[in-house]
Amino acid sequence: MENPIMQFAAKTIDVVIPVYNAPELTKRCIDSVVTYLGESIQRVLVQDDASGRETREMLDHLSYACVAVCHSEKNQGFGLTVNAAVSRSSAYYVLILNSDTEVNRNILPQLCAAFDADAKLAAIIPAGNSYDNFDFSRYVLRGENYIQTHYLRGHAILIRRDIFQAMGGFDAAFGRGYYEDIDLGRRLDLSGWRLGVHPNVHIYHKGAGSFGGDRIQLARRNRAVYLSRYPQAQQNILLLSDNCVLTDFSEDFLEAIEQRFHAGSSVYWLTPLPSNQLICLQMYNHPQRLRSVIHILLRGWKRADRRVTEIWIMPEASFLMRMLLTVWAHWQGLKLLVFEESITKKSVTKHSVR
(Lines give C-alpha, C1' and ligand atoms only; values in the text may rest on other atoms or scores of the structure.)
Protein backbone atom coordinates (compact mmCIF):
# COMPACT_ATOMS: atom_id res chain seq x y z
CA MET A 1 0.00 0.00 0.00
CA GLU A 2 1.23 3.49 -0.82
CA ASN A 3 2.37 5.75 1.96
CA PRO A 4 -0.65 7.99 2.91
CA ILE A 5 1.25 11.24 2.94
CA MET A 6 2.96 10.43 -0.35
CA GLN A 7 -0.47 9.83 -1.86
CA PHE A 8 -1.62 13.12 -0.41
CA ALA A 9 1.32 15.36 -1.27
CA ALA A 10 3.40 13.18 -3.62
CA LYS A 11 6.51 14.37 -1.76
CA THR A 12 8.67 12.54 0.78
CA ILE A 13 9.31 13.65 4.35
CA ASP A 14 12.06 12.99 6.89
CA VAL A 15 11.86 13.96 10.55
CA VAL A 16 15.00 15.56 12.00
CA ILE A 17 15.51 15.50 15.78
CA PRO A 18 18.63 17.13 17.28
CA VAL A 19 19.39 15.66 20.70
CA TYR A 20 21.46 16.84 23.64
CA ASN A 21 20.80 14.89 26.84
CA ALA A 22 17.26 14.93 28.36
CA PRO A 23 16.81 11.19 27.60
CA GLU A 24 13.27 10.87 28.95
CA LEU A 25 11.95 13.81 26.93
CA THR A 26 13.83 12.62 23.85
CA LYS A 27 12.41 9.10 24.15
CA ARG A 28 8.86 10.45 24.44
CA CYS A 29 9.42 12.64 21.37
CA ILE A 30 10.73 9.76 19.24
CA ASP A 31 7.99 7.40 20.41
CA SER A 32 5.30 9.90 19.51
CA VAL A 33 6.80 10.56 16.06
CA VAL A 34 6.99 6.88 15.20
CA THR A 35 3.50 6.19 16.58
CA TYR A 36 1.65 9.00 14.83
CA LEU A 37 3.83 9.90 11.84
CA GLY A 38 5.52 6.59 11.13
CA GLU A 39 3.39 5.66 8.12
CA SER A 40 3.80 9.10 6.56
CA ILE A 41 7.57 9.55 6.62
CA GLN A 42 10.71 7.98 5.21
CA ARG A 43 13.02 8.18 8.23
CA VAL A 44 13.58 9.76 11.63
CA LEU A 45 17.09 11.23 11.57
CA VAL A 46 18.31 11.59 15.14
CA GLN A 47 21.48 13.65 15.52
CA ASP A 48 23.05 13.23 18.96
CA ASP A 49 25.12 16.29 19.87
CA ALA A 50 27.66 14.50 22.13
CA SER A 51 25.17 13.67 24.87
CA GLY A 52 26.02 11.85 28.07
CA ARG A 53 26.13 8.07 28.48
CA GLU A 54 22.49 7.66 29.54
CA THR A 55 21.17 9.41 26.43
CA ARG A 56 23.58 7.62 24.10
CA GLU A 57 22.60 4.21 25.48
CA MET A 58 18.88 5.02 25.18
CA LEU A 59 19.32 6.01 21.55
CA ASP A 60 21.42 2.96 20.74
CA HIS A 61 18.74 0.65 22.15
CA LEU A 62 15.88 2.05 20.07
CA SER A 63 14.29 -0.76 18.07
CA TYR A 64 12.49 1.31 15.41
CA ALA A 65 13.59 0.42 11.88
CA CYS A 66 12.86 3.93 10.58
CA VAL A 67 15.07 5.65 13.16
CA ALA A 68 18.67 6.37 12.15
CA VAL A 69 20.92 7.66 14.95
CA CYS A 70 24.19 9.48 14.42
CA HIS A 71 26.46 10.41 17.34
CA SER A 72 28.68 13.50 17.13
CA GLU A 73 32.12 13.33 18.69
CA LYS A 74 31.91 16.89 20.05
CA ASN A 75 29.11 19.28 20.93
CA GLN A 76 28.26 21.58 18.02
CA GLY A 77 25.10 23.33 19.19
CA PHE A 78 21.54 23.18 17.93
CA GLY A 79 22.03 24.79 14.51
CA LEU A 80 24.98 22.74 13.27
CA THR A 81 23.40 19.57 14.67
CA VAL A 82 20.26 20.18 12.62
CA ASN A 83 22.35 21.03 9.56
CA ALA A 84 24.23 17.73 9.89
CA ALA A 85 20.99 15.75 10.14
CA VAL A 86 19.42 17.55 7.16
CA SER A 87 22.55 16.76 5.10
CA ARG A 88 21.75 13.06 5.66
CA SER A 89 18.25 13.49 4.21
CA SER A 90 17.12 13.01 0.63
CA ALA A 91 13.46 13.89 1.29
CA TYR A 92 11.57 16.79 -0.26
CA TYR A 93 10.51 18.11 3.16
CA VAL A 94 12.18 17.86 6.55
CA LEU A 95 10.22 18.23 9.78
CA ILE A 96 12.65 19.69 12.32
CA LEU A 97 11.54 18.88 15.87
CA ASN A 98 13.04 19.84 19.19
CA SER A 99 13.62 16.77 21.32
CA ASP A 100 11.22 18.15 23.96
CA THR A 101 8.19 18.11 21.63
CA GLU A 102 5.45 15.51 21.28
CA VAL A 103 2.80 14.86 18.65
CA ASN A 104 -0.51 13.15 19.36
CA ARG A 105 -1.86 12.72 15.81
CA ASN A 106 -0.70 12.83 12.21
CA ILE A 107 -0.09 16.55 11.62
CA LEU A 108 1.54 16.14 8.20
CA PRO A 109 -1.41 16.11 5.73
CA GLN A 110 -2.65 19.54 6.84
CA LEU A 111 0.84 21.03 6.86
CA CYS A 112 1.60 19.67 3.39
CA ALA A 113 -1.72 20.99 2.08
CA ALA A 114 -0.56 24.50 2.95
CA PHE A 115 2.52 24.03 0.76
CA ASP A 116 0.41 22.67 -2.10
CA ALA A 117 -1.76 25.80 -1.97
CA ASP A 118 1.10 28.33 -1.90
CA ALA A 119 4.22 27.96 -4.03
CA LYS A 120 5.99 30.77 -2.12
CA LEU A 121 5.60 29.09 1.26
CA ALA A 122 9.03 27.91 2.46
CA ALA A 123 8.23 26.78 5.99
CA ILE A 124 5.21 26.19 8.19
CA ILE A 125 4.98 25.79 11.95
CA PRO A 126 2.32 23.76 13.76
CA ALA A 127 0.64 25.73 16.51
CA GLY A 128 0.31 24.44 20.04
CA ASN A 129 1.04 25.51 23.59
CA SER A 130 3.86 27.80 22.40
CA TYR A 131 1.17 29.97 20.77
CA ASP A 132 -1.33 29.98 23.63
CA ASN A 133 -1.23 33.78 23.86
CA PHE A 134 -2.56 34.22 20.30
CA ASP A 135 -6.23 34.38 19.36
CA PHE A 136 -5.95 32.91 15.88
CA SER A 137 -9.55 33.78 15.02
CA ARG A 138 -8.49 37.43 14.69
CA TYR A 139 -5.91 36.86 11.95
CA VAL A 140 -6.35 36.77 8.19
CA LEU A 141 -5.81 33.31 6.71
CA ARG A 142 -3.55 32.84 3.70
CA GLY A 143 -3.43 29.95 1.28
CA GLU A 144 -4.63 26.68 2.73
CA ASN A 145 -5.54 27.77 6.25
CA TYR A 146 -2.30 29.27 7.53
CA ILE A 147 -1.51 32.58 9.18
CA GLN A 148 1.49 34.49 7.94
CA THR A 149 4.38 35.12 10.31
CA HIS A 150 7.72 36.85 9.83
CA TYR A 151 9.20 35.20 12.90
CA LEU A 152 10.35 31.58 12.57
CA ARG A 153 10.13 29.72 15.88
CA GLY A 154 12.13 26.54 15.68
CA HIS A 155 10.55 24.04 18.10
CA ALA A 156 8.75 22.45 15.11
CA ILE A 157 9.24 23.46 11.48
CA LEU A 158 8.21 21.68 8.29
CA ILE A 159 10.45 23.15 5.61
CA ARG A 160 11.44 22.39 2.04
CA ARG A 161 14.86 20.75 2.26
CA ASP A 162 16.19 22.36 -0.92
CA ILE A 163 15.37 25.85 0.38
CA PHE A 164 16.86 25.12 3.80
CA GLN A 165 20.12 24.01 2.22
CA ALA A 166 20.15 26.81 -0.37
CA MET A 167 19.97 29.30 2.51
CA GLY A 168 22.92 27.60 4.19
CA GLY A 169 20.79 26.14 6.97
CA PHE A 170 21.17 27.49 10.49
CA ASP A 171 24.08 29.86 11.13
CA ALA A 172 26.89 28.50 13.32
CA ALA A 173 27.34 31.96 14.88
CA PHE A 174 24.47 31.20 17.26
CA GLY A 175 26.37 28.37 18.95
CA ARG A 176 24.42 26.15 21.32
CA GLY A 177 21.09 27.68 20.42
CA TYR A 178 18.50 30.49 20.44
CA TYR A 179 17.81 32.87 17.56
CA GLU A 180 19.29 30.67 14.82
CA ASP A 181 15.71 29.87 13.79
CA ILE A 182 14.66 33.54 13.84
CA ASP A 183 17.76 34.44 11.82
CA LEU A 184 16.91 31.79 9.21
CA GLY A 185 13.35 33.11 9.05
CA ARG A 186 14.59 36.64 8.46
CA ARG A 187 16.83 35.45 5.60
CA LEU A 188 13.96 33.49 4.05
CA ASP A 189 11.61 36.46 4.40
CA LEU A 190 14.09 38.88 2.81
CA SER A 191 14.59 36.39 -0.04
CA GLY A 192 10.90 36.54 -0.94
CA TRP A 193 9.69 33.35 0.75
CA ARG A 194 6.70 33.17 3.07
CA LEU A 195 6.48 31.63 6.54
CA GLY A 196 3.30 30.40 8.18
CA VAL A 197 1.74 29.04 11.34
CA HIS A 198 -1.06 26.50 10.96
CA PRO A 199 -3.69 27.38 13.59
CA ASN A 200 -5.44 24.00 13.41
CA VAL A 201 -2.38 21.79 13.79
CA HIS A 202 -1.08 21.39 17.33
CA ILE A 203 2.11 20.07 18.89
CA TYR A 204 3.24 20.06 22.51
CA HIS A 205 6.51 21.81 23.34
CA LYS A 206 7.92 21.60 26.87
CA GLY A 207 10.54 24.29 26.25
CA ALA A 208 14.21 24.54 27.25
CA GLY A 209 14.45 20.79 27.68
CA SER A 210 18.16 20.63 26.81
CA PHE A 211 19.57 24.02 27.78
CA GLY A 212 19.54 23.95 31.55
CA GLY A 213 20.12 26.99 33.73
CA ASP A 214 22.18 29.05 31.28
CA ARG A 215 19.40 29.50 28.71
CA ILE A 216 18.79 33.13 29.75
CA GLN A 217 22.43 34.02 29.08
CA LEU A 218 22.37 32.14 25.78
CA ALA A 219 19.22 33.94 24.66
CA ARG A 220 20.60 37.35 25.66
CA ARG A 221 23.90 36.76 23.85
CA ASN A 222 22.28 35.50 20.66
CA ARG A 223 19.62 38.22 20.68
CA ALA A 224 22.46 40.74 20.52
CA VAL A 225 23.98 38.87 17.56
CA TYR A 226 20.63 38.83 15.75
CA LEU A 227 19.89 42.52 16.36
CA SER A 228 23.38 43.51 15.22
CA ARG A 229 22.48 41.94 11.86
CA TYR A 230 18.94 43.28 11.69
CA PRO A 231 18.84 46.53 13.69
CA GLN A 232 15.49 47.51 12.15
CA ALA A 233 13.92 44.53 13.93
CA GLN A 234 13.83 46.69 17.07
CA GLN A 235 11.92 49.57 15.45
CA ASN A 236 8.38 48.78 16.57
CA ILE A 237 5.27 50.87 15.86
CA LEU A 238 2.34 51.85 18.03
CA LEU A 239 -0.57 52.64 15.68
CA LEU A 240 -3.54 54.64 17.00
CA SER A 241 -6.77 54.72 14.96
CA ASP A 242 -10.53 54.76 15.28
CA ASN A 243 -12.64 51.64 14.65
CA CYS A 244 -11.63 50.33 11.23
CA VAL A 245 -10.57 47.20 9.38
CA LEU A 246 -7.65 46.46 7.08
CA THR A 247 -9.65 47.27 3.95
CA ASP A 248 -10.08 50.82 5.25
CA PHE A 249 -6.36 51.49 4.95
CA SER A 250 -4.92 52.82 1.71
CA GLU A 251 -2.62 50.56 -0.32
CA ASP A 252 0.31 52.87 0.39
CA PHE A 253 -0.31 52.65 4.11
CA LEU A 254 -0.60 48.86 4.08
CA GLU A 255 2.61 48.65 2.07
CA ALA A 256 4.41 50.80 4.64
CA ILE A 257 3.27 48.46 7.41
CA GLU A 258 4.23 45.39 5.37
CA GLN A 259 7.75 46.73 4.91
CA ARG A 260 8.11 46.97 8.67
CA PHE A 261 7.11 43.33 9.07
CA HIS A 262 9.74 42.31 6.50
CA ALA A 263 12.32 44.22 8.55
CA GLY A 264 11.40 42.13 11.59
CA SER A 265 9.38 44.82 13.40
CA SER A 266 6.04 44.53 15.19
CA VAL A 267 2.95 46.77 15.06
CA TYR A 268 0.80 47.39 18.15
CA TRP A 269 -2.58 48.61 16.92
CA LEU A 270 -4.83 50.47 19.35
CA THR A 271 -8.55 50.58 18.40
CA PRO A 272 -11.71 51.31 20.46
CA LEU A 273 -13.11 47.86 19.61
CA PRO A 274 -11.20 44.63 18.78
CA SER A 275 -10.25 44.06 15.16
CA ASN A 276 -10.70 40.65 13.51
CA GLN A 277 -8.48 41.46 10.55
CA LEU A 278 -4.85 41.28 11.63
CA ILE A 279 -2.28 40.83 8.86
CA CYS A 280 0.26 38.54 10.51
CA LEU A 281 1.37 37.33 13.93
CA GLN A 282 3.59 40.39 14.37
CA MET A 283 0.49 42.61 14.41
CA TYR A 284 -1.11 42.95 17.82
CA ASN A 285 -4.43 44.64 18.56
CA HIS A 286 -5.26 46.21 21.92
CA PRO A 287 -8.19 48.27 23.25
CA GLN A 288 -7.70 52.01 23.66
CA ARG A 289 -7.43 51.94 27.43
CA LEU A 290 -4.78 53.54 29.59
CA ARG A 291 -3.77 50.13 30.96
CA SER A 292 -3.14 48.80 27.45
CA VAL A 293 -1.08 51.85 26.50
CA ILE A 294 1.07 51.59 29.61
CA HIS A 295 1.61 47.86 29.02
CA ILE A 296 2.74 48.41 25.42
CA LEU A 297 4.97 51.38 26.16
CA LEU A 298 6.68 49.71 29.12
CA ARG A 299 7.04 46.15 27.75
CA GLY A 300 10.36 47.02 26.14
CA TRP A 301 11.83 48.61 29.25
CA LYS A 302 14.43 45.83 29.59
CA ARG A 303 14.51 44.57 25.99
CA ALA A 304 15.19 46.97 23.14
CA ASP A 305 13.70 44.62 20.53
CA ARG A 306 10.27 44.95 22.19
CA ARG A 307 10.40 48.70 22.66
CA VAL A 308 8.06 51.05 20.79
CA THR A 309 10.22 53.44 18.76
CA GLU A 310 7.55 55.08 16.55
CA ILE A 311 3.99 56.28 17.16
CA TRP A 312 1.62 56.64 14.18
CA ILE A 313 -1.64 58.51 14.77
CA MET A 314 -4.62 58.47 12.41
CA PRO A 315 -6.75 61.66 12.13
CA GLU A 316 -9.95 60.01 13.40
CA ALA A 317 -8.31 58.68 16.58
CA SER A 318 -9.44 59.60 20.09
CA PHE A 319 -8.40 63.14 21.06
CA LEU A 320 -7.31 62.15 24.58
CA MET A 321 -5.21 59.25 23.31
CA ARG A 322 -3.68 61.50 20.65
CA MET A 323 -2.61 63.99 23.31
CA LEU A 324 -1.29 61.30 25.65
CA LEU A 325 0.82 59.60 22.98
CA THR A 326 2.04 62.89 21.54
CA VAL A 327 3.32 63.98 24.95
CA TRP A 328 4.95 60.56 25.49
CA ALA A 329 6.64 60.67 22.05
CA HIS A 330 8.11 64.11 22.71
CA TRP A 331 9.22 63.16 26.22
CA GLN A 332 10.90 59.91 25.10
CA GLY A 333 12.25 61.29 21.81
CA LEU A 334 10.26 58.81 19.73
CA LYS A 335 9.47 59.27 16.05
CA LEU A 336 5.94 60.64 15.76
CA LEU A 337 3.85 60.47 12.58
CA VAL A 338 0.50 62.28 12.61
CA PHE A 339 -1.57 61.72 9.48
CA GLU A 340 -3.70 64.59 8.23
CA GLU A 341 -5.89 62.81 5.69
CA SER A 342 -8.37 59.99 5.99
CA ILE A 343 -6.84 56.53 6.11
CA THR A 344 -8.80 55.63 2.98
CA LYS A 345 -6.75 58.16 1.00
CA LYS A 346 -3.07 58.50 0.37
CA SER A 347 -1.59 59.34 3.75
CA VAL A 348 0.20 62.65 4.28
CA THR A 349 2.56 63.10 7.21
CA LYS A 350 1.83 66.20 9.24
CA HIS A 351 5.10 66.14 11.13
CA SER A 352 7.88 63.85 12.21
CA VAL A 353 9.69 64.29 15.51
CA ARG A 354 12.64 62.26 16.75
At what distance, to the nearest 0.5 angstrom, does CD1 of Ile107 lie from CD1 of Ile124?
-> 10.0 Å

Rounded to the nearest 0.5 Å, what separation is found between the CZ atom of Arg43 and the CD1 atom of Ile41?
-> 10.5 Å

Under-4.0 Å salt bridge between Asp118 and Lys120 | no

State yes or no: are the ring centers of Tyr178 and Tyr226 separated by less than 6.0 Å?
-> no

Does one side chain, of Gln165 or Arg161, offer a donor that lies under 3.5 Å from an acceptor on the other?
-> yes

Is it true that Val33 and Tyr92 fall in one hydrophobic cluster, defined by side-chain heavy atoms closer than 4.5 Å?
-> yes

So, for Tyr93 and Phe115, is the gap between ring centers shorter than 6.0 Å?
-> yes

Can any side-chain N or O of Asp14 pair as donor or acceptor with the backbone N or O of Ser89 at less than 3.5 Å?
-> no

Kindly write out the residues that satisfy side chain to side chain donor-acceptor pair (under 3.5 Å) with Asp305, not counting sequence neighbours, or none if the list is empty.
-> Arg303

Sidechain-backbone polar pair: Asn222 side chain, Ala219 backbone, donor-acceptor under 3.5 Å | no

Any chance the side chains of Glu316 and Ser241 put a donor and an acceptor closer than 3.5 Å?
-> no

Are the side chains of Val44 and Leu37 in touch, meaning some heavy atoms are under 4.5 Å apart?
-> no

Can you find a side-chain donor-acceptor pair between His262 and Asp189 that sits under 3.5 Å?
-> yes

Cation-aromatic face contact Arg153/Tyr131, 6.0 Å, 45 degrees | yes

Establish whether Leu337 and Leu254 are linked, either directly or via other cluster members, by ILVMFWY side-chain heavy-atom contacts under 4.5 Å.
-> yes

Is there a side-chain contact between Val19 and Gln47, using heavy atoms and a 4.5 Å cut-off?
-> no

Check: Tyr268 ring centre within less than 6.0 Å of Trp312 ring centre = no

Rounded to the nearest 0.5 Å, the CD1 atom of Ile313 sits from the CD1 atom of Ile311 at a distance of 6.5 Å

Sequence neighbours excluded, the answer for side chain to side chain contact (heavy atoms under 4.5 Å, CB included) partners of Ala123 is Leu152, Ile157, Ile159, Leu195

In this structure, CD of Glu251 is separated from CD of Glu258 (nearest 0.5 Å) by 12.5 Å

For the pair Asn236 (side chain) and Ser266 (backbone), establish whether a donor and an acceptor sit closer than 3.5 Å, ignoring hydrogens and angles.
-> yes

Between Asn285 and Thr271, do the side chains contain an N or O donor and an N or O acceptor separated by less than 3.5 Å?
-> yes

Determine whether the aromatic ring centres of His150 and Phe261 lie less than 6.0 Å apart.
-> yes

Check: Leu238 and Leu325 side chains under 4.5 Å, non-hydrogen atoms = yes

Distance-only, no hydrogens or angles: does the Thr26 side chain make a donor-acceptor pair with backbone N or O of Pro23 under 3.5 Å?
-> no

Quick one: do Arg229 and Asp171 make a salt bridge, cutoff under 4.0 Å?
-> yes

Is Glu310 salt-bridged to Arg260, going by a charged N under 4.0 Å from an acidic O?
-> yes

CG (Asn21) and CE (Met58) are apart, to the nearest 0.5 Å, by 10.0 Å

Do the ring centers of Phe164 and Phe170 come within less than 6.0 Å of each other?
-> yes

Which value, rounded to the nearest 0.5 Å, describes the distance between Thr326 atom OG1 and Trp331 atom CH2?
-> 15.0 Å

Would you say the side chain of Asp242 lies within less than 4.5 Å of the side chain of Pro315, judging by non-hydrogen atoms?
-> no

For the side chain of Ser51 and the backbone of Asp48, is there at least one donor-acceptor N/O pair under 3.5 Å apart?
-> no

Could you please spell out the steps behind the salt bridge (Lys or Arg N to Asp or Glu O under 4.0 Å) verdict for Asp183 and Arg187?
-> CA-CA 6 Å; Asp183 172 79; Arg187 287 184 279 133; 3.0 Å; yes

